Amino acid sequence: CSGARRLQEVTKGEDGTVRHLLERHVIANALFDAVYDEDQACDAYAPTPCIRVLAKLTMILKGEEATLPLVNHISGLLWGLTDVLGLTAPFRTIEVVGVTTTAPALPSPTTESPTSLPTEPLLYEPNSPEECEAISRGELAPFQDAMINKTFDIRMDVSLTLELSDLAEVVQELESRM
């Protein structure tokens with residue numbers, strides 16, 4: 001899908017090869033929800049005015065994937081987010097201050113040894129044009145029912161160019177661009 005071009009987390013295989021999550025097509029879709037958390041203050045170093053936004057990102061995976069590469073992937077995607085999303089005033093900067101999940105750190109064991117992981121990552125077929133079309137319309141496509149969902153909580157400090165009274169509009173704009 002055209003929006004998936006940003007999904008490029010580099011991992012090294014045992015043989016020294018470089019693999020990308022995108023090439024493996026493990027991420028089928030992602031759902032994003034954001035809310036303004038008025039009870040949380042931005043970090044002290046964040047430019048003001050600033051609001052703390054809590055986001056929930058649900059990745060829909062075609063197979064098991066270790067959590068750490070996904071967290072690294074999310075962090076990499078969110079670097080320079082204002083530019084990537086084409087956000088202008090009132091957005092100044094968006095800094096990720098934390099990514100957490102309750103998902104297990106490692107995939108379910110597929111061998112007799114609970115500490116063993118397959119040495120070669122699995123490759124998955126890319127989404128079909130029909131699946132991409134359903135995703136672009138914001139629909140939950142039927143193919144997603146049999147997939148694995150991993151949810152991540154992302155804390156972001158969103159610095160603004162001016163004080164605003166209606167912060168819900170700012171968060172809605174951010175959410176719609178994700």
Side-chain angles (χ1 to χ4, degrees), residues 1-11 20-22 24-62 64-107 127 132 134-141 144 147-178:
C1 302
S2 60
R5 286 190 200 124
R6 295 185 312 206
L7 305 178
Q8 296 182 355
E9 170 65 25
V10 176
T11 58
H20 299 272
L21 285 175
L22 178 63
R24 292 180 44 223
H25 304 288
V26 69
I27 301 170
N29 196 2
L31 306 172
F32 185 85
D33 292 308
V35 294
Y36 163 56
D37 187 354
E38 59 189 56
D39 296 331
Q40 292 265 330
C42 290
D43 286 347
Y45 63 85
T48 56
C50 181
I51 62 171
R52 175 64 56 93
V53 174
L54 299 180
K56 186 169 292 297
L57 174 68
T58 301
M59 286 190 166
I60 300 160
L61 307 175
K62 293 181 179 182
E64 292 283 0
E65 181 66 36
T67 300
L68 184 57
L70 292 172
V71 169
N72 290 339
H73 178 69
I74 293 165
S75 298
L77 285 176
L78 299 177
W79 185 259
L81 197 56
T82 49
D83 293 331
V84 169
L85 298 177
L87 294 169
T88 58
F91 295 95
R92 180 183 298 155
T93 61
I94 300 173
E95 296 292 329
V96 175
V97 293
V99 178
T100 58
T101 184
T102 57
L106 297 172
N127 291 340
C132 288
I135 290 168
S136 70
R137 290 190 308 266
E139 297 173 2
L140 292 178
Q144 292 178 195
M147 296 196 182
I148 299 164
N149 291 352
K150 282 195 179 183
T151 301
F152 300 86
D153 295 317
I154 305 166
R155 292 178 312 285
M156 299 180 281
D157 286 348
V158 179
S159 296
L160 306 171
T161 57
L162 56 121
E163 291 280 349
L164 296 172
S165 58
D166 188 5
L167 297 173
E169 275 189 38
V170 172
V171 175
Q172 185 177 14
E173 173 71 13
L174 174 63
E175 188 176 71
S176 71
R177 297 285 185 107
M178 294 299 277

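This structure is a prediction, so every number in the text was calculated from the model and none was measured.
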Would you please name every residue forming a side chain to side chain donor-acceptor pair (under 3.5 Å) with [X], sequence neighbours left out?
X      : result
Thr58  : Thr151
Gln172 : none
Glu169 : none
Asp153 : Lys56

As an exercise, state the distance from [atom1] of [X] to [atom2] of [Y], rounded to the nearest 0.5 Å.
X      : Y      : atom1 : atom2 : value
Ile154 : Asp33  : CD1   : CG    : 11.0 Å
Asn29  : Asn149 : CG    : CG    : 9.5 Å
Leu174 : Thr82  : CG    : OG1   : 10.5 Å

Main-chain N/O of Glu65 paired to Lys150 side chain as donor or acceptor, under 3.5 Å: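 Judged by distance alone, yes, a pair lies under 3.5 Å.
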Minimum side-chain heavy-atom gap Val171-Ile51 below 4.5 Å: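 Val171 reaches Ile51 side chain to side chain.
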Contacts of type side chain to side chain contact (heavy atoms under 4.5 Å, CB included), residue Ala30, not counting sequence neighbours: Leu57
Side-chain donor-acceptor pairs of residues 83-98 under 3.5 Å, sequence neighbours excluded:
unit_1	atom_1	unit_2	atom_2	d
Arg92	NH1	Thr48	O	3.3
Arg92	NH2	Leu160	O	3.3
Thr93	OG1	Ser159	OG	3.4

Side chains of residues 39-47: which donor-acceptor pairs under 3.5 Å do they make with residues two or more places apart or in other chains?
unit_1	atom_1	unit_2	atom_2	d
Gln40	OE1	Arg52	NH1	3.4
Asp43	OD1	Arg52	NH2	3.2
Asp43	OD2	Tyr45	OH	3.3

Partners meeting salt bridge (Lys or Arg N to Asp or Glu O under 4.0 Å) with Glu175 (sequence neighbours left out): none
